[in-house]
Amino acid sequence: MPEYYGGMEAIRNFLSREIVYPSKMRRKGIEGRVLVKFVVTKEGKVERVSIVKSVCAELDAEAKR
């Protein structure tokens with residue numbers, strides 16, 4: 001199976017650096033887990049991103065980004 005360069009620890013580090021929790025949602029105390037489904041092409045591009053489990057529009061948008 002293909003995997004992220006550097007393995008699971010590397011992808012966790014990348015995501016923790018890149019995901020920005022919307023400050024508006026933090027102030028309102030809104031939190032939760034957004035589940036995202038996507039396809040990684042042979043070239044490594046992420047395509048066909050869709051939300052499987054939504055929390056709110058702002059958190060969904062950040063997860064898709």
Side-chain angles (χ1 to χ4, degrees):
M1 286 296 286
E3 74 174 40
Y4 189 82
Y5 181 74
M8 288 304 293
E9 183 177 343
I11 197 164
R12 282 188 201 105
N13 290 335
F14 170 78
L15 291 172
S16 69
R17 284 191 317 269
E18 296 297 317
I19 293 175
V20 178
Y21 204 91
S23 58
K24 178 180 174 183
M25 298 299 100
R26 188 179 309 273
R27 284 193 306 272
K28 289 183 173 185
I30 297 173
E31 53 184 53
R33 185 174 293 182
V34 178
L35 297 181
V36 182
K37 180 171 79 172
F38 56 90
V39 174
V40 179
T41 68
K42 289 181 182 179
E43 296 78 26
K45 292 185 177 185
V46 175
E47 296 181 346
R48 296 182 6 212
V49 179
S50 62
I51 301 297
V52 176
K53 180 180 179 274
S54 175
V55 174
C56 67
E58 291 87 351
L59 293 181
D60 295 354
E62 179 59 17
K64 283 180 92 171
R65 182 187 68 80

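Among Lys64, Arg65, Lys37, the single residue meeting the side chain to side chain contact (heavy atoms under 4.5 Å, CB included) criterion with Val49 is Lys64.
Salt bridge Arg12/Glu9: absent, no basic N to carboxylate O contact under 4.0 Å.
The two atoms that bring Leu59 and Gly32 nearest to each other are CD1-N, 4.5 Å, heavy atoms only.
No continuous path of hydrophobic side-chain contacts links Val46 to Phe14 [ILVMFWY only; heavy atoms under 4.5 Å]. Under a hydrophobic clustering in which Ile, Leu, Val, Met, Phe, Trp and Tyr are joined whenever their side-chain heavy atoms come within less than 4.5 Å, directly or via other members, Ile30 and Leu35 fall into different clusters. There is no path of hydrophobic side-chain contacts, each under 4.5 Å, that joins Val20 to Leu15.
The side-chain heavy atoms of Ile51 and Val36, taken from C-beta on, include a pair separated by under 4.5 Å.
Arg26 is linked by a side chain to side chain contact (heavy atoms under 4.5 Å, CB included) to Tyr21, counting only residues two or more places apart in sequence or in another chain.
Heavy atoms of other residues, nucleotides or ligands lying less than 6.0 angstrom from CZ of Arg33 number 12 at most.
Rounding to the nearest 0.5 Å places CD1 of Ile11 at 11.5 Å from CD of Glu18. Atom CD of Glu62 and atom SG of Cys56 lie 11.0 Å apart (nearest 0.5 Å).
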